[in-house]
Amino acid sequence: MTLQSASTFIEKGIGRLLSRFQQEFSSSQTLSDIVGQADRLRVMTETLLALSQHYPERAGAILNVLSGLADVGIIHDMASAADEIAALARKMEAGLVSEKEGSNQSFTGLPARLPQQESYGMSGLGSHFVQGMSPEVKEKPGQWIADRSEPYCAPEDSVFSDEIICLHCGGSFSMLKRHIERQHRQSPDGYRVYWGLSPDYPMACESYSTMKKLEASRTGLGHYDRGKKGRSRIKA
C-alpha cells in the first residue's frame with residue numbers, strides 16, 4: 001500500500017468512526033446543540049488527522065481503541081467521545097513527541113476530560129497493562145477494567161438462572177469467561193480475585209450449564225464403555 005493510499009484509508013476510517021459517534025450519540029436537534037456538535041466534530045476530526053499524520057504506524061490502533069471504548073460504554077455521548085480523543089492526544093504527546101524533537105504541533109484542543117477514567121487504560125497503543133488485569137490473557141484494543149470500588153452492581157445481584165452480569169460494564173451474558181478475557185483482560189480466577197468473589201463463583205449461568213450437560217449427554221461425551229473395549233479384545 002502506497003503512502004497516499006494508506007493516508008486515504010485512515011481518513012476514511014476517521015470519517016466512519018466519527019459518523020458512528022454522531023449517529024449514535026447526537027440525539028438532540030436544537031439549533032444550539034447542532035452548532036455545538038458541529039464544532040466538536042471539527043475539533044475531533046482535526047485532532048485525529050494530526051495524530052494520524054504524526055504517528056501513521058499507530059493510526060489504525062488509535063481508531064480501534066476509540067471504537068472499543070464506544071463498544072464497552074466508556075464513550076457514551078459526544079462529550080465523552082471528545083474527552084477520550086483529547087486524552088488520547090495528550091497521552092501520545094507526553095509519551096511519543098520526544099521521538100520527534102522540533103515538532104511544534106499541539107493536539108490538545110479539546111476540553112479536559114474527567115480524571116477517574118485514566119486508570120482504565122487503553123490497550124492497543126503499545127503495552128497499557130493496568131493493575132488488576134491478568135498478564136497471561138492476550139492484550140486486545142479497547143480493553144479496560146472498572147475501579148474495584150465501583151462495581152456495576154453488587155456481586156450477589158449479578159448471578160441469575162439465565163444470565164450473569166459483568167461487574168465491569170453491566171453487560172449480561174450466558175457465559176462470562178470469553179467476555180472478560182476479550183474486553184477486560186482478566187482470566188476467570190483474576191476476575192474473582194479482583195472483585196473479591198468466592199472460588200466457586202460461576203462463569204456460566206445455570207441454564208447454559210444445563211444445556212451443555214444435556215448436549216454432552218446426547219452426544220455421549222464424557223462416557224466411556226470400558227466393558228465394550230474389553231469384550232472386543234476377548235473376541236479378537
Side-chain angles (χ1 to χ4, degrees), residues 16-17 20-21 23-25 61 63-76 80 117 119-124 127-236:
R16 285 193 296 269
L17 179 69
R20 173 194 172 184
F21 290 168
Q23 290 169 8
E24 292 184 10
F25 307 133
L63 299 182
N64 286 338
V65 166
L66 293 170
S67 181
L69 292 177
D71 290 340
V72 299
I74 292 180
I75 291 177
H76 52 85
S80 60
Q117 296 216 16
S119 62
Y120 291 159
M122 297 184 191
S123 295
S127 178
H128 287 270
F129 180 83
V130 178
Q131 187 174 7
M133 290 181 174
S134 302
E136 71 273 16
V137 177
K138 186 177 180 181
E139 181 177 341
K140 294 180 181 295
Q143 289 169 322
W144 63 282
I145 56 176
D147 191 298
R148 65 193 313 169
S149 66
E150 298 179 350
Y152 182 85
C153 64
E156 59 268 24
D157 297 329
S158 63
V159 179
F160 300 87
S161 62
D162 58 348
E163 65 180 12
I164 297 180
I165 306 299
C166 174
L167 297 176
H168 290 292
C169 64
S172 59
F173 304 89
S174 57
M175 184 175 66
L176 193 60
K177 178 178 181 293
R178 184 179 301 172
H179 166 72
I180 60 175
E181 289 179 346
R182 288 182 176 178
Q183 296 296 340
H184 307 299
R185 200 179 179 185
Q186 284 185 330
S187 65
D189 287 340
Y191 182 86
R192 293 184 181 104
V193 169
Y194 186 78
W195 292 115
L197 307 172
S198 64
D200 60 350
Y201 182 91
M203 285 290 114
C205 66
E206 183 180 353
S207 60
Y208 181 86
S209 299
T210 301
M211 179 188 70
K212 299 305 286 185
K213 288 178 181 178
L214 289 174
E215 288 180 357
S217 177
R218 285 197 298 267
T219 58
L221 294 176
H223 299 283
Y224 182 72
D225 190 345
R226 295 182 181 277
K228 182 177 180 180
K229 183 175 180 181
R231 289 193 296 274
S232 298
R233 215 179 266 160
I234 294 173
K235 185 177 179 181

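- A 4.5 Å side-chain heavy-atom check between Ser187 and Glu136 finds at least one atom pair inside the cut-off.
- Crowding of Phe173 atom CZ: a count of heavy atoms from other residues, nucleotides or ligands under 6.0 Å exceeding 12.
- Summarising the geometry, atom CG belonging to Leu167 is positioned 9.5 Å from atom CD1 belonging to Ile180; distances are rounded to the nearest 0.5 Å.
- With rounding to the nearest 0.5 Å, the separation of CZ in Arg192 from CD in Gln186 is 11.5 Å.
- With rounding to the nearest 0.5 angstrom, the CD atom of Gln143 is 11.0 Å from the CG atom of Leu69.
- Going from atom CD1 of Ile75 over to atom CG of Leu17 covers 7.0 Å, rounded to the nearest 0.5 Å.
- Using a 4.5 Å heavy-atom cutoff, the side chains of Glu181 and Pro188 are in contact.
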Glu139 vs Arg185, side chain to side chain contact (heavy atoms under 4.5 Å, CB included): CA-CA, chis, key distance, verdict: CA-CA 7 Å; Glu139 181 177 341; Arg185 200 179 179 185; 3.5 Å; yes
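- Side-chain contact between Ser158 and Tyr152 is absent, with no heavy-atom pair separated by less than 4.5 Å.
- Partners of Arg20 according to the side-chain contact (heavy atoms from CB on, under 4.5 Å) rule, which considers only residues two or more places apart in sequence or in another chain, are Glu24, Ser67, Ala70, Asp71.
- For Ser198, the side-chain contact (heavy atoms from CB on, under 4.5 Å) partners at least two apart in sequence or on another chain are Asp200, Tyr201.
- Aromatic ring centroids of Tyr194 and His184 lie 6.0 Å or more apart.
- Among Leu176, Ile164, Asp189, the single residue meeting the side-chain contact (heavy atoms from CB on, under 4.5 Å) criterion with Met203 is Leu176.
- Between the side chain of Glu163 and the backbone N or O of Phe160 there is no donor-acceptor pair closer than 3.5 Å.
- Between the side chain of Ser161 and the backbone N or O of Glu206 there is no donor-acceptor pair closer than 3.5 Å.
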Full working for side chain to side chain contact (heavy atoms under 4.5 Å, CB included) between Gln183 and Cys169: CA-CA 9 Å; Gln183 296 296 340; Cys169 64; over 6 Å; no
Residue pair His168, Trp195: steps toward the side chain to side chain contact (heavy atoms under 4.5 Å, CB included) verdict: CA-CA 9 Å; His168 290 292; Trp195 292 115; 3.4 Å; yes
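- The nearest pair of heavy atoms linking Ile165 to Tyr191 is O-OH, 4.0 Å.
- Every residue meeting the side-chain contact (heavy atoms from CB on, under 4.5 Å) condition with Ser174, not counting sequence neighbours, appears here in chain and number order: Cys205, Tyr208.
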